[in-house]
Amino acid sequence: MTAQSTGTKPPAETSTGLDIAGPPQEMYRFLRDHMPVMAVEHEMMTGTSVALHDDVVTVLQNPQIFSSDGAAEIGQVRPLIPLEIDPPEHAKYRKLLDPLFAPRRVALLEPSTRALAASLIDAVVDQGHCNFHEAIAEPLPSQVFLTMFGLPVERTAEFIELKDGIIRPPVDSSAEAREFRMATGRRIYAVLQEAVDQRLETRRDDFLSQFLDAKVEGTQLTVDEVLDIGYLFFLAGLDTVTASLDCMLAHLAQNPEHQRRLVEQPEDIGAAMEEFLRWETPVAGVVRVAVQDTELSGCPIKAGSKVSVNLGSANTDERFWDNADTVDLDRAVNKHIAFGGGVHRCLGSHLARMEMRVCLDEWHKRVPCYELKPGTTPHYTMGLRSVENLQLVWHNGS
Ligand code: HEM
């Protein structure tokens, strides 16, 4: 078998008639059935994309063949830590970072996160409508992250604009996107450098201060290493939970029986969230670089080529999942890979889960019945899937 080519830039509506701004599950099925291993050439990446669950897991579980070194092109000037560091060095950084995001540490943040979620929702509940993305999904995780990390919360809007400049650059061509990302990246490094300089003078009670004192195998982290960790966290902390909450609320607004379930049985929110993560997979794909000639499903992959793994497709692959197309809140076993897999599995998953669970809980206590504003359709962004036009309406007291 040879990898099939998609040609160049994907149009907004593909030749298959599938709208890529809409729900992607149909597109994923099309890829699995017709182009499970496919040559791609578009502004985000030139290389090979893989859609079958088993191929995706093979890539994630074999970092010695599919390296993360140089995989991301997100405006950074050095490898991001730990995302672009391969084993065995990768483990040294995870040993340092994992305890900061362990369930026990995250639990300490739950009361303040709950209070923040409640106040953001209280601010809109009486008006009977809101743009959920702007009112809740963006400020909640951003403020939690900035406080814990040690960046000024009052500059949230500026920081959100910066991370959007990397994740969704407002330009058309790949050359312009690269340029835009590099320029935005320089601004992010400047923000981080300023915060590091302040802490070099006086330490505070935040992660940045802890990183400056941290040692990896007895050696103190350098300022560059702190910046390389900070750059990754800046992007991960300010986008992923927002995108996930958008996807979940867009689904719930269109599925009243699932809303009712969360209102009547809030103890099921945790399991429901995992199923929404499987179905929506907001971080739809990650990238690796093949370090040797290899193959996937019989398709040759050349050493040096990029491999884009479609997590969203893997999470809905009927070859792996029973009732893959059913959003089943009673799914007994749910081994989704929305947080990735292998050594680079998401470091922030406990924090993300706590923030989303608290938000869904507080929202459904106050807004038990809601829908999309009539006449609006959720528009999903590419790459990391958020829904910026998520207009919800509800009746007060309903
Ligand atoms: C629902 C929200 C989130 C989702 C869906 C998500 C998804 C992912 C995925 C798919 C990866 C794997 C990347 C790869 O293999 O190349 C990853 C890695 C990572 N995530 Fe998350 N993430 C979320 C929230 C967060 C948060 C809140 C943080 C931190 C504040 C975070 C920090 C990280 C870091 C540092 C890595 C790199 C881990 C490594 O390379 O060892 N994530 N995440």
Side-chain angles (χ1 to χ4, degrees), residues 45 56-57 59-63 66-74 76 79-98 100-102 105-106 109 113 137 140-151 159 163 167 206-208 211 228-248 273-274 276-289 306-312 314-315 336-360 383-386:
M45 196 197 79
V56 165
V57 170
V59 174
L60 295 177
Q61 299 285 0
N62 288 285
F66 299 100
S67 163
S68 294
D69 186 5
E73 282 184 38
I74 46 180
Q76 76 278 35
L80 297 172
I81 298 174
L83 188 74
E84 291 186 283
I85 309 293
D86 286 330
E89 216 190 331
H90 172 263
K92 299 184 209 161
Y93 292 109
R94 285 293 296 238
K95 206 167 151 196
L96 166 74
L97 296 170
D98 279 344
L100 299 177
F101 288 88
R105 291 291 290 264
V106 167
L109 297 173
T113 305
L140 176 65
S142 302
Q143 289 183 32
V144 172
F145 166 73
L146 292 173
T147 307
M148 127 194 226
F149 193 73
L151 290 172
F159 297 157
K163 68 85 184 158
I167 297 172
D206 55 37
F207 279 9
L208 266 181
F211 293 158
D228 299 338
I229 295 171
Y231 192 99
L232 172 62
F233 276 58
F234 189 91
L235 298 176
L238 292 179
D239 201 274
T240 51
V241 176
T242 299
S244 304
L245 284 171
D246 284 352
C247 289
M248 289 181 193
M273 219 169 61
E274 299 305 321
F276 298 149
L277 281 171
R278 177 191 76 82
W279 178 243
E280 299 286 351
T281 314
V283 179
V286 298
V287 179
R288 299 291 188 263
V289 182
K306 289 204 165 176
V307 179
S308 164
V309 282
N310 190 331
L311 301 175
N315 273 341
H336 69 73
I337 48 174
F339 288 113
V343 293
H344 292 281
R345 194 181 172 286
C346 181
L347 180 68
S349 63
H350 302 300
L351 174 65
R353 282 181 166 130
M354 182 276 285
E355 291 174 345
M356 295 185 295
R357 176 173 48 74
V358 161
C359 183
L360 291 176
L384 261 68
R385 299 180 56 236
S386 66

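Here the structure is a predicted model, which is why all the values come from computation and not from measurement. For ligands, and for the atoms within them, numbers begin at 1 and follow the listed sequence. Numbering of residues begins at 1 and proceeds along the displayed sequence.
- Using 4.0 Å as the threshold, Arg353 has no heavy atom nearer than that to any atom of ligand 1.
- Between Arg288 and His344 there is a side-chain heavy-atom pair separated by less than 4.5 Å.
- In this structure, Ile85 and Pro79 have side chains that are in contact, with non-hydrogen atoms separated by less than 4.5 Å.
- The closest protein non-hydrogen atom to atom 36 (C) of ligand 1 is Leu347 N, 4.0 Å.
- Taking each heavy atom of Glu355 and Val144 in turn, the nearest pair found is OE2-CG1, 3.2 Å.
- In terms of protein heavy atoms, atom 1 (C) of ligand 1 is closest to Ser244 OG, 3.1 Å.
- Side-chain atoms of Ser244 and Glu280, non-hydrogen and from C-beta on, never get closer than 4.5 Å to each other.
- Here's the thing with Arg94: one of its N/O atoms is less than 3.5 angstrom from an N/O atom of ligand 1.
- A heavy-atom distance below 4.5 Å is not found between the side chains of Leu83 and Val286.
- Here Tyr93 has no heavy atoms under 4.0 Å from ligand 1, in either its backbone or its side chain.
- Each of the following atoms of ligand 1 lies closer than 4.0 Å to a heavy atom of Phe233: 35 (C).
- Counting heavy atoms under 4.0 Å from ligand 1, residue Leu232 touches it through the side chain alone.
- Contact atoms of ligand 1 toward Ala352: 1 (C), 2 (C), 24 (C) (distance under 4.0 Å to a heavy atom of the residue).
- Taking a 4.0 Å cut-off on heavy atoms, Leu311 registers as neighbouring ligand 1.
- Contact analysis leaves Ser68 out of contact with ligand 1, as no non-hydrogen atom separation drops below 4.0 angstrom.
- The distance from the CZ atom of Arg345 to the CG atom of Leu60 is 11.0 Å, given to the nearest 0.5 Å.
- Scanning the protein heavy atoms around atom 5 (C) of ligand 1, the nearest turns out to be Ala338 O, 3.5 Å.
- Ion pairing between Glu89 and Arg94 fails under the 4.0 Å rule for side-chain N and carboxylate O.
- In terms of N/O distances under 3.5 Å, ligand 1 is approached by His90.
- Summary of contacts: the protein heavy atom closest to atom 12 (C) of ligand 1 is His344 O, 3.5 Å.
- For atom 31 (C) of ligand 1, the candidate residues are Ala236, Ala243, Gly285; the nearest heavy-atom contact is made by Ala236.
- Neither the backbone nor the side chain of Val287 has any atom closer than 4.0 Å to an atom of ligand 1 (non-hydrogen atoms only).
- Under 4.0 angstrom from ligand 1, the non-hydrogen atoms of Val286 all belong to its side chain.
- Using bins of under 30°, 30° to 60° and over 60° for the plane-to-plane angle, the ring pair Phe145/Phe149 lands in the parallel bin.
- The shell of residues lying under 4.0 angstrom from ligand 1, judged by heavy atoms, excludes Pro282.
- Contact annotation: for Pro141 versus ligand 1, there are no heavy atoms closer than 4.0 Å.
- Ligand 1 has no N or O atom lying under 3.5 Å from any N or O atom of Glu355, backbone or side chain.
- With contacts defined as side-chain heavy-atom distances shorter than 4.5 Å, the pair Leu277/Pro282 qualifies.
- Among all heavy-atom pairs drawn from Met248 and Met273, the shortest one is CE-CG, 3.8 Å.
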